[in-house]
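FYI, side chains are in, hydrogens and waters are out, and symmetry mates aren't considered; it's all heavy atoms of this structure. None of these values were measured; they are calculated from a predicted model.
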Amino acid sequence: MYRQLLANAAWRRFTLTAGFQRLSVAMAPLALVLAGHGAVGSFRVGALMASAYTFADGIASPWSGRLMDRVELRRGVSVELGAAAVILAALAGLADARAPALVLIFLSGLAGAAPAGVMGGLGAYLQRIVPDDLRERAFALDATLLELEWMFAPALVAITGFLGAPVLAIVLMALAASGALGGARLLRPQQPSGHIAGAGGPWRSPQALPIYFLSAVMGYAEGTINIALAPLMPAVGARPATAGLLIALLSLASAAGGFAYAAFSGHLPGDTNQRANVTLLALGLCAILIAVAPSLIFLALAVAACGIWFAPLNAMRTLILGKLLPASQLSEGFSTLSAAMQMGYGTSGIATGAVLGIWGPRACFIIAAAITVASALGAWLLHHHSKGSQDAQPSEPPESHQ
């Protein structure tokens with residue numbers, strides 16, 4: 001099943017580079033919260049550091065991805081990873097020296113913005129090195145590995161916390177970025193494909209906009225699960241800290257879903273777009289189960305049911321976008337896709353904070369489920385209507401040969 005991918009040296013080098021890079025990013029939320037508290041004694045400062053990192057990454061991603069499309073890809077990825085490693089090392093040193101909160105927050109934002117185009121650039125690299133018949137499986141496996149890293153990274157950060165050295169987590173982030181830089185130097189050079197005259201940015205493509213929107217919806221659903229689970233725990237007779245175990249279960253279930261999708265992607269009915277819409281609908285329906293869960297066991301099963309769909313959704317949306325965009329816009333397009341998901345995730349945090357104080361945690365999941373289900377149905381109808389319109393168009397008359 002995976003033998004052809006494993007035999008591909010370019011894919012192995014990509015996986016090494018992407019693995020180190022995403023490990024650094026996945027450690028950031030918890031690492032910055034703990035480092036901020038360790039440096040100035042305030043979880044609030046740590047939360048602001050984590051927010052600055054996330055929002056700077058999301059805002060800079062499309063522009064950084066556009067730059068990546070204009071330069072030789074390996075060089076662009078290497079420069080951004082090198083900058084990230086240097087900034088993270090400086091942040092670790094200043095946090096250890098207990099620098100002022102504003103300095104730490106500012107540097108956290110720089111650390112998020114510096115490698116913002118790397119994820120999109122590596123996605124474009126994967127699109128170029130994998131043959132068409134393996135591309136869907138490659139993206140599915142990549143999404144699966146991403147989930148495993150997001151499960152492993154918080155545990156790694158927690159160990160530094162238990163050791164009483166939270167700043168060590170930022171050092172590990174810097175080392176991971178350096179490891180990614182070493183992996184990037186092993187990649188094959190990829191020259192830019194050239195700018196298409198008159199082409200707007202991929203974020204303005206009418207065909208791509210629904211994909212970005214649905215990615216934000218998925219990010220909103222995932223963010224709600226990660227943020228609102230802890231407040232929901234007392235309602236099912238559990239301690240808030242139990243939410244950490246369920247979030248790990250979410251990532252584990254997502255990895256399992258990604259492996260299964262990679263194994264059977266070539267045998268599934270329908271086109272990829274409609275499969276993605278049905279998968280998003282399934283995610284929304286499973287989110288309803290979280291909202292109504294009467295016990296911890298039922299809640300764990302509902303969280304696992306939600307997790308199954310995330311990695312396949314990531315893979316399908318990436319694959320669809322890769323088919324829509326020209327080669328000259330792949331890095332920017334994939335970076336924008338990542339940014340859309342992050343913005344959805346960030347929006348869920350703001351919405352959850354507001355809803356918790358009014359209607360409680362169950363309402364957070366009801367709202368997330370309603371948004372997800374409505375978006376999936378709307379996307380399904382839009383695609384069905386668009387496909388029907390194309391089928392109804394008369395074919396071009398044959399040219400006459402006189």
Side-chain angles (χ1 to χ4, degrees), residues 54 58 61-62 65 119-120 123 127 135-136 139-140 142-144 146-147 150 201-226 250 254 257-258 261 265 268 270-288 290 305-325 329-330 332-351 364-388:
T54 301
S61 285
M119 296 280 277
Q127 172 92 359
R135 193 164 292 153
E136 188 164 15
F139 279 123
D142 186 54
T144 301
L146 170 66
E147 293 297 335
W150 275 91
W203 56 273
R204 284 184 286 182
S205 167
Q207 291 177 302
L209 284 176
I211 301 173
Y212 299 138
F213 173 76
L214 294 173
S215 181
V217 169
M218 184 175 68
Y220 185 95
E222 186 172 12
T224 300
I225 295 172
N226 279 272
L250 181 78
S254 179
Y261 180 76
S265 59
L268 296 175
D271 63 62
T272 307
N273 214 316
Q274 288 296 59
R275 286 205 302 267
N277 295 333
V278 171
T279 303
L280 187 65
L281 176 62
L283 171 61
L285 295 175
C286 290
I288 296 174
I290 295 180
C306 282
I308 287 172
W309 309 112
F310 281 114
L313 266 173
N314 261 326
M316 284 185 273
R317 294 296 177 202
T318 305
L319 183 69
I320 294 167
L321 188 63
K323 291 179 179 178
L324 281 176
L325 297 178
Q329 295 183 335
L330 285 175
E332 184 180 355
F334 288 145
S335 294
T336 304
L337 187 69
S338 175
M341 189 180 300
Q342 288 176 317
M343 292 304 177
Y345 196 109
T347 301
S348 74
I350 298 171
C364 297
F365 290 101
I366 292 173
I367 292 171
I371 291 172
T372 306
V373 169
S375 299
L377 291 175
W380 188 89
L381 291 172
L382 180 64
H383 181 73
H384 184 73
H385 174 74
S386 174
K387 193 173 181 181

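Between Phe334 and Gly120, the shortest heavy-atom distance links the atoms CB-CA, 3.6 Å. Between Gly333 and Leu321, the shortest heavy-atom contact is O-CD2, 3.3 Å. The two residues Gln127 and Gly322 make their nearest non-hydrogen contact at NE2-O, 3.2 Å. In terms of heavy atoms, Asn277 sits closest to Ala379 at OD1-CB, 3.4 Å. Taking all atoms of both residues into account, the shortest heavy-atom contact from Phe310 to Leu250 is CE1-CD1, 3.9 Å. Of all heavy-atom pairs between Pro312 and Gly258, the closest is CD-N, 4.0 Å.
Between Leu146 atom CG and Ser254 atom OG the span is 8.0 Å, to the nearest 0.5 Å. Separation of atoms CZ (Arg275) and CD (Glu136) is listed at 5.0 Å; rounding is to 0.5 Å. The structure places CG of Leu313 at 9.5 Å from OH of Tyr261, a figure rounded to the nearest 0.5 Å. Atom-to-atom distance recorded for Thr318:OG1 and Arg135:CZ is 12.5 Å, nearest 0.5 angstrom. Interatomic distance, CD1 of Ile211 versus CG of Leu325, reported as 7.5 Å (0.5 Å rounding). How far CG of Leu214 is from CG of Leu382: 9.0 Å, rounded to the nearest 0.5 Å.
The side-chain heavy atoms of Ile366 and Ile288, taken from C-beta on, include no pair separated by under 4.5 Å. Between Asn226 and Tyr345 there is a side-chain heavy-atom pair separated by less than 4.5 Å. At least one side-chain heavy atom of Asn273 sits under 4.5 Å from a side-chain heavy atom of Arg317. Looking at Leu281 and Trp380, their side chains never come closer than 4.5 Å, going by heavy atoms from C-beta outward.
The main-chain N or O of Glu332 is found under 3.5 Å from a side-chain atom of Thr336 such that the two form a donor-acceptor pair.
When each of Thr372, Val373, Leu377 is tested with Leu280 by the rule side chain to side chain contact (heavy atoms under 4.5 Å, CB included), just one qualifies, namely Thr372.
Judged as a side chain to side chain donor-acceptor pair (under 3.5 Å), and not counting sequence neighbours, Asn314 has no contacts.
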